[in-house]
Amino acid sequence: GGVSMRMEGGEEMQDAVGLRCTWDIPPPAGTQAKWVRLNVGGTVFLTTRQTLCREQKSFLCRLCQGEELQSDRDETGAYLIDRDPTYFGPILNFLRHGKLVLNKDMAEEGVLEEAEFYNIGPLIRIIKGRLEEKDYTVTQVPPKHVYRVLQCQEEELTQMVSTMSDGWRFEQLVNIGSSYNYGNEDQTEFLCVVSKELYNSHSGLSSEPSHKAKV
């Protein structure tokens, strides 16, 4: 059967989006679980064959079953594995209860490296899902401020501000005096500064709505 994720409250989700993975491999009938010692980078871990074989395609399952793997042992008989013991704790706990638990100072990328080495598919999918969520959150902030300077005559000022597109905010009005002479009347010219916040997304910056003003 496939691996399902169990959320609190009994709700189940498929694959690695959830936090808990429920193992469906029954214990060996009529046999007691045999203990296995692992020496990972100088640190000894004690666990059972049943735990190590929860993920049957993993290096750890093949190791304790002796499938084509000739691993050295230390003086106590523990299997020697030349990997970082810091990240092996979360790996072993995941096989025990199907949940990824990390200390706040432990990098998920480090656990991912070990999960890929030991070939633990469900854990790889969970960590990659977390990293994708983190990357998506980062790309959402902060917003980028874009400014535009619009030039208009005095009689157009009210209409320009009232017809400004959604999302644009009035910042500053600068009187640049009279530039044109229509008949006997001087038309005062203004510079109007407006701004807009653009939020990042996976596809890049969001599109800018056009503004109804004389530039």
Side-chain angles (χ1 to χ4, degrees), residues 2-22 87 90-91 94 98-116 120-215:
V3 178
S4 64
M5 303 299 156
R6 178 158 298 172
M7 307 291 286
E8 292 186 7
E11 180 186 355
E12 290 194 357
M13 297 177 63
Q14 291 300 316
D15 288 325
V17 229
L19 300 177
R20 181 175 289 275
C21 176
T22 56
Y87 295 103
I91 299 281
F94 179 79
K99 187 176 181 181
L100 175 59
V101 180
L102 300 178
N103 296 333
K104 61 180 180 180
D105 56 345
M106 187 172 289
E108 289 168 330
E109 289 85 353
V111 184
L112 178 60
E113 283 290 329
E114 299 308 296
E116 289 178 337
I120 303 174
L123 181 55
I124 294 171
R125 290 192 292 271
I126 286 178
I127 300 175
K128 285 185 174 179
R130 283 193 183 186
L131 292 175
E132 285 175 5
E133 286 179 9
K134 192 179 294 183
D135 289 342
Y136 179 77
T137 304
V138 168
T139 59
Q140 296 302 301
V141 290
K144 177 181 177 182
H145 286 82
V146 176
Y147 292 87
R148 297 285 184 265
V149 179
L150 313 175
Q151 184 176 347
C152 65
Q153 297 173 9
E154 183 177 4
E155 61 185 13
E156 300 171 328
L157 190 58
T158 304
Q159 182 183 6
M160 185 206 70
V161 174
S162 64
T163 59
M164 194 180 299
S165 296
D166 292 342
W168 288 96
R169 185 175 62 185
F170 174 79
E171 293 285 350
Q172 188 178 0
L173 187 67
V174 181
N175 186 333
I176 59 173
S178 175
S179 301
Y180 302 96
N181 189 339
Y182 296 91
N184 296 325
E185 295 183 6
D186 285 343
Q187 292 289 329
T188 305
E189 295 281 324
F190 290 92
L191 293 180
C192 183
V193 183
V194 295
S195 72
K196 179 178 174 60
E197 290 183 350
L198 293 181
Y199 290 89
N200 291 325
S201 65
H202 274 315
S203 57
L205 290 175
S206 60
S207 58
E208 302 176 28
S210 59
H211 51 75
K212 306 173 185 175
K214 175 184 175 183
V215 180

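Only heavy atoms go into these numbers, but all of them, side chains included; no hydrogens, no water, no symmetry mates.
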Residue pair V194, E171: steps toward the side chain to side chain contact (heavy atoms under 4.5 Å, CB included) verdict: CA-CA 5 Å; V194 295; E171 293 285 350; 5.6 Å; no

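- With rounding to the nearest 0.5 angstrom, the OG1 atom of T188 is 10.5 Å from the CD atom of E155.
- Among residues two or more places apart in sequence or in another chain, the salt bridge (charged side-chain N to carboxylate O under 4.0 Å, His left out) test is passed with E154 by none.
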Take F94 and V111, measure what side chain to side chain contact (heavy atoms under 4.5 Å, CB included) needs, and give me the verdict at the end. CA-CA 11 Å; F94 179 79; V111 184; over 6 Å; no

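- Closest non-hydrogen pair, I91 versus Y87, comes out as CG1-O, 3.2 Å.
- To the nearest 0.5 Å, the span separating CZ on R169 from CD on E197 amounts to 6.0 Å.
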Between I124 and L112, is the side chain to side chain contact (heavy atoms under 4.5 Å, CB included) condition met? List the steps. CA-CA 6 Å; I124 294 171; L112 178 60; 4.0 Å; yes

Which donor-acceptor pairs under 3.5 Å do the side chains of residues 101-109 make with protein atoms, sequence neighbours left out?
residue	atom	partner	partner atom	Å
E108	OE1	K134	NZ	3.0
E108	OE2	R130	NH1	3.4

E189 vs Q153, side chain to side chain contact (heavy atoms under 4.5 Å, CB included): CA-CA, chis, key distance, verdict: CA-CA 5 Å; E189 295 281 324; Q153 297 173 9; 2.9 Å; yes

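- Between W168 and V146, the shortest heavy-atom distance links the atoms CZ3-O, 4.0 Å.
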